[in-house]
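Naming convention: chains lettered A, B, ... in sequence-line order (proteins, then strands); numbering from 1 in each chain. Quick note: numbers below take in every heavy atom, side chains included, and nothing from hydrogens, waters or symmetry partners.
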Amino acid sequence: MDEQYLPATVEREAQASWESNGTFQAPDDASREKFYCLSMFPYPSGRLHMGHVRNYTIGDVISRFERMRGKNVLQPMGWDAFGLPAENAAMANSVPPAQWTHENIAYMKVQLQSLGFAIDWTRELATCHPDYYRWNQWLFLRMLESGIAYKKSGVVNWDPVDQTVLANEQVIDGRGWRTGAPVEKREIPMYYLEITRYADEMLDALDDLPGWPPQVKTMQANWIGRSHGVRFAFPYEFDGEAGRLWVFTTRADTIMGVTFCAVAAEHPLAERAARDNPELAVFIEACKQGSIAEADIATIDKKGMPTGLRVDHPLTGEPVEVWVGNYVLMSYGDGAVMAVPGHDERDFEFALKYDLPIRQVIDVPGESFSDEAWQPWYADKERGRCVNSGAYDGLDYLEAVDAIATDLAAKELGEKRIQYRLRDWGISRQRYWGCPIPIVHCDACGDVPVPDDQLPVLLPDDCVPDGHGNPLNKRDDFINTSCPACGAPARRETDTMDTFVDSSWYYARYCCRDNDTAMTDKRVDDWMPVDQYIGGIEHAILHLLYSRFWTRVMRDSGLVSVDEPFTNLLTQGMVVAETYYRDDAGRRIFFNPADVDVQRDDKGKITGALANEDGQPVTVGGIEKMSKSKNNGVDPQTLVERYGADTVRVFTMFAAPPEQSLEWSDSGVEGGYRFLKRLWALAAAWQAPVVLLNGGGEVAPATDDAARPLRQEIHALLQQALHDYGRYQFNTVISACMKLLNLLGGLEAGTDDWRARVAHEGLGILLRLLAPVAPHFCHHLWRELGYGEEILDAGWPGVDEAALVKDEIELVVQVNGKLRGQIRVPASSDREAIEQAARDDANVQRFTADKVVRKVIVVPGRLVNLVVTDAN
RNA sequence: GCGGACGUGGCGGAAUUGGUAUACGCGCUGGCUUUAGGUGCCAGUACCUCACGGUGUGGGAGUUCGAGUCUCCCCGUCCGCACCA
């Protein structure tokens with residue numbers, strides 16, 4: 001074998017071998033134990049970034065690990081190929097999004113292959129392909145039939161200059177990103193999916209997902225936001241016209257503290273009041289400025305204006321002023337809220353600002369009410385009792401809510417109600433590069449679904465967006481069609497679907513990608529659910545919730561038999577790196593980490609950095625997520641070319657556990673490379689004796705006494721590595737591999753038989769442990785040293801329990817919890833013997849001599865703690 | 001604003017889940033090898049102290065024989081918020 005580790009050669013050969021043997025094609029064989037390992041598919045943005053490399057390396061390590069444990073592993077890959085960036089690139093380069101997307105896919109596929117991922121490429125799919133998106137359309141039509149899909153008006157960001165709908169991302173500080181014009185909210189008709197129909201089921205099912213991180217489940221539960229409360233109405237009569245202002249509250253017990261109501265700017269009452277109140281009309285118009293993003297709405301200055309209208313308190317009949325509030329959302333509940341400034345912080349601030357009355361109606365133990373000192377204390381449901389509330393005085397939360405709901409119901413003005421924060425999913429996008437919504441608009445028949453036999457509605461692939469609306473609207477060949485119902489000339493819907501639709505079921509399609517007559521088939525049930533799903537924490541809510549919803553819709557349509565798509569979920573951390581910059585005439589210029597030289601003091605502490613181009617200092621700007629704007633990204637391609645894929649994989653897995661953020665470090669990569677080179681050198685040095693042993697059939701482990709301590713350590717490290725593989729903590733797996741190498745490093749394998757056997761056993765274990773992480777490297781050495789043909793099929797190493805047995809154990813001795821000594825005792829020692837040995841230790845006696853031992857704690861295998869006090 | 005995380009040497013991180021804090025790697029210091037080296041190898045490296053010993057896991061309190069780990073309060077950083085994917 002080569003004395004030198006040449007990654008390019010090793011990796012080329014290994015990849016060619018896997019390719020020609022079809023090693024990673026997962027057979028549809030339901031008789032074998034399956035493992036479906038899935039990483040979130042990439043958006044084909046152009047080149048792989050380190051976040052992709054990390055995501056797919058984690059998935060690949062798990063796939064190879066499960067395969068070596070004997071499972072039939074499916075690891076597919078595809079492309080989330082519709083989306084906004086392709087339209088932006090089209091505008092910048094005058095290239096159709098389709099062409100740009102396909103070129104990116106071709107390039108990134110080569111990159112993925114160069115990293116040696118164990119992917120079954122025969123199942124590759126792209127969501128922009130008609131074979132895929134036709135099933136989006138087909139299932140959408142089923143949802144229309146079942147009523148899950150429906151049409152209603154929704155609010156979008158509108159750029160009045162470009163006359164186009166903007167994504168939240170395209171709104172910067174309330175203005176359109178290209179025009180700088182203040183963005184307006186505009187209502188348009190859209191299609192919605194009734195995800196709220198599954199709100200209860202999806203919420204309750206979270207308890208049955210033990211393989212999901214608790215924080216993700218908490219986030220989903222909060223997002224669904226099931227709350228128990230009362231929906232009730234304030235009756236009114238204006239100019240002889242009677243009506244009801246409906247609101248929802250979870251704090252019906254505070255209803256007697258209502259001092260005003262607030263409605264959204266789009267609320268009918270606001271519009272009515274504005275008819276003869278120009279000032280209010282101006283205010284309402286102002287409220288309609290700005291983006292629809294909830295984060296923006298929630299952080300704006302809370303402003304309001306009185307409508308001059310008064311409604312009646314449903315229980316007391318007192319008049320209650322109605323205000324318009326810019327913080328009230330029309331899309332949530334009924335677009336109106338009751339305000340109880342005495343017991344709600346936001347209402348309290350609003351009341352102070354506009355000098356509205358504040359009334360205490362809940363007793364707050366230990367707090368006294370006064371206008372100056374009152375802190376709006378959101379009375380604890382367990383403790384607060386009603387005061388100043390007439391008939392409800394003295395009732396606790398539950399009693400008060402019951403009594404008030406009963407009284408409201410008697411007047412037919414309200415009832416208890418369960419409400420969700422979750423809103424139905426609006427899927428219409430006024431964009432070109434997406435899946436067409438299969439609807440035809442006919443003057444006579446209205447909105448007519450496209451019949452199944454006319455699917456797919458093909459998206460023209462040669463449009464070039466120009467930033468002024470959806471280019472499909474200018475494509476007569478797309479728009480003009482005939483009505484499927486009456487045959488008259490009609491127009492196609494030009495809205496496309498949210499790209500979250502595409503990503504809501506791709507995991508199922510991998511299982512039956514070649515089926516051109518049905519969305520799913522039996523093979524989907526054989527592979528599903530996904531055993532391990534891996535992706536960024538940023539998808540914790542939306543993508544995962546939509547996928548859980550879509551799976552249930554498919555289940556209820558008889559397309560899959562599972563309830564949940566993903567049994568286990570791993571949310572990987574971000575890839576971050578140091579930033580470097582200079583401020584130049586008000587502009588901040590960022591330097592790539594590869595283009596600066598870091599300065600350190602004698603202790604290795606960073607003192608500054610110099611730019612390579614001119615040797616002048618740059619500012620060290622802190623650790624940030626790798627991004628184009630901060631120019632702190634590292635190109636995986638360059639690294640693979642310099643060090644090989646295995647080194648990149650080793651570093652990526654070693655630098656941090658999968659869930660934590662991973663900080664980039666050039667010297668850390670060097671460390672990974674050094675490790676592989678040292679291991680290679682060891683294998684080269686041991687080649688002769690190991691190959692000799694492997695040539696003679698089954699190799700028995702060394703039984704000599706001299707081998708015992710080494711074998712004990714080898715198997716202890718193996719045990720730790722197996723434990724950490726089991727919990728997917730790969731950084732400590734690699735740590736164990738490094739320790740194994742350090743341990744084996746001093747062994748002269750060629751000098752006698754027991755050393756050769758220990759070397760053979762240790763190296764065999766090490767190569768298999770490392771194989772999922774550095775697959776090309778281990779594949780190569782496994783063959784070179786004669787262990788066998790394919791390390792993937794070599795079987796997973798197991799701990800030799802007999803080798804772990806120790807004659808003597810070490811224990812530490814504490815006195816009052818402080819470390820005072822170490823003792824060695826026979827492993828068979830009982831509690832008394834251990835305690836006596838601890839008391840006898842010379843250094844321990846220094847600290848116990850003039851004290852009284854009150855208590856002795858013996859933790860087997862770990863420590864002895866002597867609790868002492870002064871003699872008196 | 002709401003929701004969810006995180007905080008340990010100069011740095012990334014470890015701590016078998018309440019039991020020796022800092023494993024492994026990087027960096028740094030010193031030495032050896034090499035024609036040379038940005039290669040390789042060896043040793044040292046939390047802080048204070050000559051030492052005995054003491055201190056130390058963002059800050060403050062608490063539970064415990066024992067807390068990085070559990071509880072409460074505070075500070076800081078990061079992620080998501082429905083049209084980025």
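Taking every side-chain heavy atom of A/Lys739 into account, B/A23 is the closest of B/A82, B/G25, B/A23.
When the nearest nucleotides of RNA chain B are assigned to A/Met190 and A/Val859 by heavy-atom distance, the more 5′-ward of the two goes with A/Val859. Looking at which nucleotide of RNA chain B each of A/Gly671 and A/Ile606 is closest to, the 5′-most match is held by A/Ile606.
Between the P atoms of B/U34 and B/C41, the separation comes to 16 Å (whole Å). Of the P atoms belonging to B/G56 and B/A21, the separation is 12 Å, rounded to the nearest Å.
The aromatic rings of A/Tyr198 and A/Phe549 sit perpendicular, their planes meeting at an angle over 60°, well past the 30° parallel limit. Between A/Phe651 and A/Trp664, the ring planes are perpendicular. Angles over 60° get that label, and only those under 30° would be called parallel.
Contact between the side-chain N/O atoms of A/Arg846 and the OP1/OP2 oxygens of B/C52 is not found at any separation under 4.0 Å. Side-chain N/O atoms of A/Arg678 include one lying less than 4.0 angstrom from OP1 or OP2 on B/C41. Look at A/Asn742 and you'll find a side-chain N or O under 4.0 angstrom from OP1 or OP2 of B/G25. Applying the 4.0 Å criterion to OP1 and OP2 of B/G19, one finds that A/Asn865 has every side-chain N and O outside that range. In this structure, A/Arg820 reaches the B/G54 phosphate: one of its side-chain N or O atoms is under 4.0 Å from OP1 or OP2. An OP1 or OP2 oxygen of B/G66 is reached within less than 4.0 angstrom by no side-chain nitrogen or oxygen of A/Lys818. Residue A/Asn168 places none of its side-chain N or O atoms closer than 4.0 Å to OP1 or OP2 of B/C81.
With hydrogens and angles left out, the side-chain atoms of A/Gln845 and A/Asp841 include no donor and acceptor closer than 3.5 Å. In the model, A/Thr496 has no side-chain atom that pairs as donor or acceptor with a side-chain atom of A/Arg429 under 3.5 Å.
The cationic atom of A/Arg820 (NZ for Lys, CZ for Arg) lies less than 6.0 Å from the six-membered ring centre of A/Phe847 and within 45° of the ring axis.
Checked by distance alone, A/Arg674 brings no side-chain donor or acceptor within 3.5 Å of a matching partner on the base of B/U39.
A/Val165 comes within 4.0 angstrom of a base, heavy atoms only.
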